[in-house]
K.L.:
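Just dropping this structure here.
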Amino acid sequence: MDSTEPRFYPMILQDAPIGICILDKDDNLVFSNERMGSISGLLSEYVIGKNVFESMPEYLLDGKAGFRQFFLDTKRSLQRSFHAEVPILIPMKGLSYQSISLVPLFDGNGSYDGMACYFQEVSDYCLREKGLLEKLSSISRLESIYWEVPVIVFLWSPEKGWPVRFVSENVSLLGYSREEFQSGNKLYIDIVHPEDRDKLTEDVARLSWEGEECFSHEYRLLKKSGESLWVSELSLLQKDHQGRPYRFEGIVMDISDKKRYQQELERHTAELEQLNALKDLFSDIIRHDLLTPAGTIRGYVELLQEMETDPDKLAMLGVVEDSTGRLIDLIESASRYEKLNSIEEIDYYCTDLVGIFRGILLEFSSYAEERNIRLELFSEGPCYSHVNPLVSEVFANLLSNAIKYSPENESITISFRDMGDRFRVMVTDRGDGIPDENKVLVFNRFKRLSKKGVKGTGLGLAIVKRIMELHGGGYGVEDNPEGKGSVFWVTFSKAACNPDNPRVR
């Protein structure tokens, strides 16, 4: 080995920003670094010499990471394998996304000799490497692993342009040979992207002056083909006996995929922000620019109806009036729904649910009488809960829906049931009912299942859903157990009320 080459300083692998573990041909762990320990939750001193399938935790072997099958497939194919963005739920730390690389190792005869496993964090774009690696027992074994590690190792002097004193064979990933650098024909700064050179040299000079001995950077390198790729570099500054910079030892790792994920995320974020802006614009248009002209149309229609005597024209004006009324209802409901979606928290007050619903019955009594529908309410007493006044809209929409879909000369029942820790409020109609496959759809926007002869916007139950979500309550629909029709229900937590302080939050 050339005397200028580092003898595989432990620092080079100790500070590698990836988790590394090495298995022999019998699947026994012969090496595991601290970064790997933070991922697996096992310290190297407890796993070295043990079979990987006996020592690795379950969430790595057979959880979402699926390491066991991934390893066995790679061992059978004897080809390098890579999995990107593997979710791993690490106990006490939370969810982490890792890219996992498996590289089969071979002895001098070309026979399978083990596996190198690399885990790279991809959920954090500002990696702070904390690896503490153990020395491998055999230098020849280390060399075999060393050339397979997906990083490029440089050693350069702090002279102008950073002349390269050593570079690992992995530099071929950039299209260059070691000789091109170690002959002095190419400086390290030559392969740094022109747009990144000034900042990189300034940062290195500043950190060196501040006395930093280890620092990291993200910048672009130029491949021999002219393409650029993003890299993360971890530099170790070596000083001479007088404290002057003597050389840098750098580990350079390709993070192009990570940068691509980051750029995709930024693009999606920008698109989401644009969609939110369009949504806000649409909401403003609904509230201000559509409602006013719709109201004007209705006013002129009413004026024309008073002036007109021709029956045919009056009939046509009636159609326009009905259509305009539905348009106004839709605009008001859409505006209301959008406003509810923008609310994250609401105030609660200790209120009797039965009393609220009795007030809603009074509002809808004329509508029900027009269709000769009886409204019946049953409760064994008051039902106190912490609710917002918005809950009246829940009851109004459920009752309005029941009246719309109920045949004439029928009854609608409102009942309150004590469920232990909560109250269930049920509105039972005697309509045609809802097929089972559609029960999960009716609370979605514009999912009115039968429109024939029924006025409405298709947003009423979506508004019910949103208000109940804000209350942390349940909602649903079932078949009427007493015959045809449906039972729409909502649930509220019970509350012990203080009449002197009804407000909760």
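Throughout, numbering of the chain's residues begins at 1 and tracks the sequence.
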K.L.:
Atom CG in Asp113, atom CG in Asp26: separation rounded to 0.5 Å?
P.N.:
10.0 Å
K.L.:
Closest heavy-atom contact between Lys465 and Phe443?
P.N.:
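The answer is CD-O, 3.5 Å.
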K.L.:
Any Lys/Arg nitrogen of Lys25 or Asp107 sitting under 4.0 Å from an Asp/Glu carboxylate oxygen of the other?
P.N.:
no
K.L.:
Does Val204 form a side chain to side chain contact (heavy atoms under 4.5 Å, CB included) with Leu200? I'd like the steps, not just the answer.
P.N.:
CA-CA 6 Å; Val204 170; Leu200 182 61; 4.3 Å; yes
K.L.:
Take Ile22 and Leu105, measure what side chain to side chain contact (heavy atoms under 4.5 Å, CB included) needs, and give me the verdict at the end.
P.N.:
CA-CA 10 Å; Ile22 310 300; Leu105 305 173; 4.3 Å; yes
K.L.:
Minimum heavy-atom separation for Val164 to Trp156, with atom names?
P.N.:
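Looking at all heavy atoms of both residues, the closest pair is CA-CB, 4.0 Å.
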K.L.:
Can you find a pair of side-chain heavy atoms, one from Val192 and one from Leu221, that are under 4.5 Å apart?
P.N.:
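Side-chain contact under 4.5 Å: yes.
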K.L.:
Tell me whether Lys199 is salt-bridged to Asp196, with the criterion being a basic N under 4.0 Å from an acidic carboxylate O.
P.N.:
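Salt bridge flag = no for Asp196 with Lys199.
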K.L.:
Can you tell me if Lys439 uses its side chain to pair, donor with acceptor, with the backbone of Glu478 under 3.5 Å?
P.N.:
no
K.L.:
Are Asp73 and Leu102 close enough, and set up right, to give a side chain to side chain contact (heavy atoms under 4.5 Å, CB included), and what steps lead you there?
P.N.:
CA-CA 10 Å; Asp73 291 343; Leu102 299 184; over 6 Å; no
K.L.:
Within the side chain of Ser256, is there an N or O that forms a donor-acceptor pair under 3.5 Å with the backbone of Trp230?
P.N.:
yes
K.L.:
Mind checking the CG-CZ spacing from Leu155 to Phe181? Nearest 0.5 Å is all I need.
P.N.:
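Interatomic distance, Leu155 CG to Phe181 CZ, rounded to 0.5 Å: 13.5 Å.
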K.L.:
Which atom names give the shortest non-hydrogen contact between Asp347 and Asn388, and what distance separates them?
P.N.:
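For Asp347 versus Asn388, the nearest heavy atoms are O-ND2, 2.7 Å.
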K.L.:
Answer whether the closest heavy-atom distance between the side chains of Val167 and Glu180 falls below 4.5 Å.
P.N.:
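Not touching, per the 4.5 Å side-chain cut-off.
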K.L.:
For Thr74 and Pro104, work out which heavy atoms get closest and say how close.
P.N.:
CG2-CG, 4.1 Å
K.L.:
Has the side chain of Arg424 got a donor or acceptor atom that lies under 3.5 Å from a matching backbone atom of Trp489?
P.N.:
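Absent.
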K.L.:
Can you find a pair of side-chain heavy atoms, one from Phe492 and one from Val391, that are under 4.5 Å apart?
P.N.:
yes
K.L.:
Between Asn397 and Glu393, do the side chains contain an N or O donor and an N or O acceptor separated by less than 3.5 Å?
P.N.:
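The criterion, which ignores hydrogens and geometry beyond distance, is not satisfied for Glu393 and Asn397.
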K.L.:
Measure the shortest side-chain to side-chain distance between Asp203 and Arg206 over non-hydrogen atoms and say whether it is less than 4.5 angstrom.
P.N.:
yes
K.L.:
Say you draw a straight line from CZ of Phe488 to CZ of Phe395; how long is it, rounded to the nearest 0.5 Å?
P.N.:
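Reported to 0.5 Å precision, the distance equals 15.0 Å.
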K.L.:
Would you indicate whether Lys50, at its atom NZ, is surrounded by more than 12 heavy atoms from other residues, nucleotides or ligands within a distance under 6.0 Å?
P.N.:
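No, because the 6.0 Å sphere around NZ of Lys50 holds 12 heavy atoms or fewer from other groups.
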K.L.:
For the residue pair Phe248 and Tyr188, is the inter-centroid distance of their aromatic rings smaller than 6.0 Å?
P.N.:
no
K.L.:
What heavy-atom pair brings Val231 and Asp254 nearest, and what distance separates the two atoms?
P.N.:
CG1-CA, 4.3 Å
K.L.:
Which distance, rounded to the nearest 0.5 Å, do you find between the CG of Leu353 and the OG of Ser385?
P.N.:
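Those atoms lie 5.0 Å apart.
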K.L.:
Donor-acceptor pair, Arg178 side chain versus Ser172 backbone, under 3.5 Å?
P.N.:
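Pair absent, no side-chain N/O of Arg178 close to backbone of Ser172.
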K.L.:
When you measure from the side chain of Thr491 to the backbone of Gly474, do you find a donor-acceptor pair of N or O atoms at a distance under 3.5 Å?
P.N.:
yes
K.L.:
Determine whether a donor-acceptor pair (N or O, by modelled atom type, separation under 3.5 Å) exists between the side chain of Thr351 and the backbone of Tyr349.
P.N.:
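Here the side-chain-to-backbone pair exists.
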K.L.:
Are any of the side-chain heavy atoms of Phe154 and Ile191 separated by less than 4.5 Å?
P.N.:
yes
K.L.:
Would you mind reporting whether Trp162 and Thr201 have side-chain heavy atoms less than 4.5 Å apart?
P.N.:
yes
K.L.:
Please examine the side chains of Met36 and Ile20, heavy atoms only from C-beta on, and report whether any two atoms are closer than 4.5 Å.
P.N.:
no
K.L.:
In terms of side-chain heavy atoms, does Ser111 have a donor or acceptor partner in Asn109 at a distance below 3.5 Å?
P.N.:
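The criterion, which ignores hydrogens and geometry beyond distance, is not satisfied for Asn109 and Ser111.
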K.L.:
Enter the distance from Leu78:CG to Met115:CE here, rounded to the nearest 0.5 Å.
P.N.:
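Taking CG in Leu78 and CE in Met115, the distance rounds to 7.5 Å.
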K.L.:
What's the separation between atom CZ in Arg220 and atom CD in Glu195, rounded to the nearest 0.5 Å?
P.N.:
4.5 Å
K.L.:
Just wondering, do Phe71 and Phe53 contact through their side chains at under 4.5 Å, heavy atoms?
P.N.:
yes
K.L.:
Can you give me the closest heavy-atom contact between Ile48 and Val30, atom names plus distance?
P.N.:
CD1-C, 3.7 Å
K.L.:
Can a donor-acceptor pair be found, under 3.5 Å and without considering hydrogens, that links the side chain of Asp190 to the backbone of Leu187?
P.N.:
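The answer is yes, because a donor-acceptor pair under 3.5 Å joins these two groups.
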K.L.:
Please assess Val52 against Phe67 for the test side chain to side chain contact (heavy atoms under 4.5 Å, CB included), listing each intermediate value before the final yes or no.
P.N.:
CA-CA 10 Å; Val52 64; Phe67 180 81; 4.1 Å; yes
